[in-house]
Amino acid sequence: QFAKIIATASYTPDNVVTNDDLSQILDTNDEWIYSRTGIKERHISTGQDTSDLCIEVAKKLLDESGYDASDIDFIIVASMTPDYQSPSTACIVQGAIEAKNAWAIDVSAACSGFVYALTVAEKMIGGSNKRGMVIAGDVMSKAVDWSDRSTAVLFGDGAGGVILESSQKQHILSSNLYAQGKKANCLQSGKSPVTNPWIKSDSLSKENSFEKLSMNGRQIFSFVVGNVSKTIKDYSEQIDYYLLHQANARILDQVSKKIGQPREKFLQNIEKYGNTSSASVAILLDEAIKNEILTLGSGQQILLSAFGGGLTWGNILIKL
Ligand SMILES: O=C(O)C1CCN(c2ccc(-c3cc(CO)ccc3Cl)cn2)CC1
């Protein structure tokens with residue numbers, strides 16, 4: 001049983017924050033941010049949580065596909081900023097759109113979330129699972145430390161997703177997922193403290209604080225250029241477009257050079273959204289479809305490649 005993408009959608013909060021806006025609240029400036037990351041602006045929630053962004057995407061997917069919520073057999077949400085540890089954000093979405101026949105689960109793979117979730121979803125298609133929603137969403141603005149200029153300027157809020165449907169023809173030609181847990185401390189966010197009556201807590205304030213995002217950018221950067229390039233090089237002769245996680249424009253420069261592929265094959269929208277973590281590849285895919293660079297059913301071959309906290313990374317080769 002194969003699977004194919006039959007609809008794509010994305011959603012970002014209306015509130016746009018430019019680099020100049022950030023220079024009003026942080027010791028930073030447009031020149032530094034743009035030259036080092038390629039980011040010009042990002043969308044920042046004014047109160048919407050991750051489930052709200054994902055619900056907007058889910059509603060768009062139903063509109064675009066013409067399916068009713070009751071036609072959806074499962075919902076997988078990828079996020080590193082879920083509304084709760086429980087219930088899953090996928091369950092909140094399931095309830096909101098009344099997808100009464102869908103089971104629901106969250107996937108936690110940081111910026112690799114959409115690629116991980118799409119791979120899991122493809123394996124679930126078959127039998128009674130004919131149609132699934134795969135939505136990646138992150139409200140990174142609630143995770144970042146807004147006093148840390150080295151990370152606060154990098155991230156944005158957003159969500160994107162697809163409907164995956166069982167198909168007689170093969171469209172997802174290969175997918176590979178990877179992890180390197182030894183480098184778990186390169187990107188951390190949201191540690192929940194262990195507290196109970198049997199633990200004598202010395203500093204109460206530390207105990208209950210929700211750990212804000214911390215990132216060892218240099219380590220991740222070199223990890224990505226090395227490992228990601230190595231794992232996508234083998235596909236190169238058959239790819240029309242590369243859709244890489246939008247973490248940093250310099251990454252696209254370096255990976256394209258390392259694998260000897262034209263830079264213009266590497267789609268980019270980081271200038272508008274910043275790093276939306278799990279959502280970035282999903283938003284990039286939807287925008288490429290909506291502006292007709294990519295067309296469902298065209299036979300175009302694309303490589304989705306995402307990398308980030310975990311450390312995790314993953315690649316999916318898709319024939320549209
Ligand atoms: O040039 C500078 O000083 C700084 C150097 C550090 N930078 C970084 C470093 C790492 C990332 C990053 C993050 C993730 C997580 O989504 C995944 C993959 C990457 Cl490569 C993004 N930016 C910004 C410019």
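As the structure lists them, so they are numbered: ligands from 1, and atoms in each ligand from 1.
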Any luck finding a side-chain donor-acceptor pair between T50 and T81 under 3.5 Å? yes
Is there a donor-acceptor contact under 3.5 Å linking the side chains of S79 and D138? yes
Using a 3.5 Å distance criterion without hydrogens, assess whether the side chain of E211 forms a donor-acceptor pair with backbone atoms of P193. no
Side-chain heavy atoms of L164 within contact of E122, under 4.5 Å: yes
Measure the shortest side-chain to side-chain distance between I5 and I289 over non-hydrogen atoms and say whether it is less than 4.5 angstrom. no
Which atoms of ligand 1 sit under 4.0 Å from any heavy atom of [X]?
{"X": "C111", "result": "15 (C), 16 (O)"}
{"X": "G217", "result": "9 (C), 10 (C)"}
{"X": "I251", "result": "20 (Cl)"}
{"X": "L187", "result": "15 (C)"}
{"X": "A247", "result": "12 (C), 13 (C), 14 (C), 17 (C), 18 (C), 19 (C), 21 (C)"}
{"X": "F221", "result": "9 (C), 20 (Cl)"}
{"X": "N275", "result": "13 (C), 14 (C), 15 (C), 16 (O)"}

For [X], is at least one N or O under 3.5 Å away from an N or O on ligand 1?
{"X": "H245", "value": "yes"}
{"X": "T37", "value": "no"}
{"X": "S277", "value": "no"}

Part of W32 with heavy atoms under 4.0 Å of ligand 1, whether side chain, backbone, both or neither: side chain
Cation over ring face, R131 and Y67, 6.0 Å, 45°: yes
Y242 ring centre to K265 NZ or CZ under 6.0 Å, with the angle to the axis within 45°? no
Atom 17 (C) of ligand 1 [closest protein heavy-atom partner, distance rounded to 0.1 Å]: F307 O, 3.5 Å
Where is the nearest protein heavy atom to atom 23 (C) of ligand 1: which residue, which atom, and how far? N248 ND2, 3.6 Å
Is it true that, when you exclude Y34 itself, more than 12 heavy atoms of the residues, nucleotides or ligands shown sit nearer than 6.0 Å to its OH? no
Go through the steps to decide whether K60 and D63 satisfy the test salt bridge (Lys or Arg N to Asp or Glu O under 4.0 Å), and finish with yes or no. CA-CA 5 Å; K60 283 185 173 184; D63 288 348; over 6 Å; no
Would you say V134 ends up clustered with L284 if hydrophobic residues are merged whenever their side chains have heavy atoms under 4.5 Å apart, either directly or through other cluster members? yes
Nearest heavy atom to atom 11 (C) of ligand 1: which of M215, Q246, R218, R36 does it belong to? M215
Protein heavy atoms: any of them under 4.0 Å from atom 5 (C) of ligand 1? no
